[in-house]
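What you see is a predicted model, and the numbers here were worked out from it, not measured in a lab. Read the numbers this way: they start at 1 and go in the same order the structure lists the ligands and their atoms.
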Amino acid sequence: MSKIAICPGSFDPITKGHLNIIRRSAKIFDKVIVVVMSNYRKTGSSLFSVEERVELIRRCTFDLANVEVDSYMGLLAEYARQKNADVIIKGLRAVSDFEDEFQQALANKSLNPDVETVFMAASAENMFLSSSVIKQICQLGGDVTPFLPPEVSSEIISKLRQQ
Ligand code: ADP
């Protein structure tokens, strides 16, 4: 039976850290659905709209035949049910990610017992990467190109110039 995994997040914007988790997941599972959660635990306004984030992820994953990109506003456990997903993949950067992710995994398990949360360790070179760190560096004029897929670097620079 084919195994379906979901990679949820805010992806505002997608970084090399996210992409690394998506690519590794695509090697393990038959189908990977990357879903931009528009209400995903983040407060404050986002830099990219949900549609823009979906489009950027599509461009970065076009070579991965078993990866789909979607967006959803609502409960992840419910989305997983609708998609018949077996697994929710979460990338873990540091111990600091763990407590919150563990709590969410337990909540999702109780809302949808059919879905398992699997934690995937961040690769060493991406340990410190988060969308918010990238936005801060970029806003202060730093070079973010080493941390972002090339499709995203030019977009974030022009987006921040418009502000
Ligand atoms: P961010 O913290 O960068 O805003 P998201 O909230 O979009 O990221 O996170 C989506 C998922 O990607 C989460 O499971 C998060 O732990 C994971 N993730 C984010 N950045 C990295 C990274 N650099 N390496 C591995 N996983 C990551």
Side-chain angles (χ1 to χ4, degrees), residues 4-29 32-61 64 67-77 79-80 83 85-109 111-112 115-140 142-153 155-156 159-160:
I4 302 175
I6 295 179
C7 289
S10 43
F11 304 105
D12 186 36
I14 184 169
T15 68
K16 280 189 177 172
H18 294 126
L19 200 52
N20 176 267
I21 298 288
I22 295 167
R23 287 187 180 281
R24 286 159 64 200
S25 303
K27 283 189 190 161
I28 301 172
F29 296 97
V32 173
I33 307 172
V34 183
V35 59
V36 176
M37 305 295 291
S38 46
N39 55 341
Y40 191 69
R41 292 155 47 207
K42 296 279 156 79
T43 47
S45 59
S46 52
L47 182 60
F48 291 92
S49 71
V50 170
E51 294 72 26
E52 288 170 328
R53 286 181 254 164
V54 166
E55 177 55 29
L56 284 175
I57 302 168
R58 283 208 177 113
R59 280 201 243 158
C60 298
T61 57
L64 300 170
V67 172
E68 276 179 22
V69 190
D70 195 9
S71 63
Y72 188 70
M73 193 173 179
L75 279 177
L76 179 58
Y79 182 77
K83 295 291 172 181
D86 302 282
V87 168
I88 294 168
I89 307 272
K90 291 296 187 82
L92 280 190
R93 283 161 289 200
V95 183
S96 52
D97 276 345
F98 182 75
E99 195 174 344
D100 185 40
E101 292 292 358
F102 191 61
Q103 214 171 39
Q104 281 199 51
L106 293 179
N108 285 329
K109 188 75 185 163
L111 291 166
N112 178 354
V115 73
E116 296 294 340
T117 296
V118 170
F119 296 117
M120 191 177 276
S123 56
E125 68 274 22
N126 297 317
M127 280 293 280
F128 67 95
L129 281 186
S130 72
S131 302
S132 40
V133 163
I134 302 266
K135 283 184 274 192
Q136 274 172 18
I137 296 173
C138 198
Q139 259 151 358
L140 296 171
D143 178 17
V144 286
T145 52
F147 316 126
L148 293 172
E151 296 85 348
V152 180
S153 301
E155 296 292 332
I156 192 169
K159 180 68 99 173
L160 287 169

Keeping to residues at least two apart or across chains, list the salt bridge (charged side-chain N to carboxylate O under 4.0 Å, His left out) pairs with something in residues 6-16.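 Those involving residues 6-16 are Asp12-Arg53, Asp12-Lys135.
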
Out of Gly91, Pro8, Ser10, whose heavy atom sits nearest atom 17 (C) of ligand 1? Gly91

For atom 24 (N) of ligand 1, state which one of Ser131, Gly9, Ala122, Ala94 supplies the nearest heavy atom. Ala122

Using modelled atom types only, decide if a donor and an acceptor are shared between the side chain of Thr61 and the backbone of Leu64 within a distance under 3.5 Å. no

Donor-acceptor contact below 3.5 Å, side chain Thr15 vs main chain His18: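 Indeed, once roles are kept as given, a pair shorter than 3.5 Å links the two residues.
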
Of the backbone atoms (N, CA, C, O) and the side-chain heavy atoms from C-beta on, which set of [X] has a member under 4.0 Å from an atom of ligand 1: side chain, backbone, both, or neither?
| X | answer |
| --- | --- |
| Arg93 | side chain |
| Ser132 | neither |
| Ile21 | side chain |

Just checking Phe128: does its CZ atom have more than 12 heavy atoms from other residues, nucleotides or ligands closer to it than 6.0 angstrom?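 Count over threshold, so yes.
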
Hey, which atoms in ligand 1 end up nearer than 4.0 Å to a heavy atom of [X]?
| X | result |
| --- | --- |
| Ser130 | 3 (O) |
| Phe11 | 7 (O) |
| Lys90 | 14 (O) |

What's the separation between atom CD1 in Ile21 and atom CZ in Arg93, rounded to the nearest 0.5 Å? 9.5 Å

In chain order, what residues pass the side chain to side chain contact (heavy atoms under 4.5 Å, CB included) check against Arg58, with sequence neighbours excluded? Val54, Val69

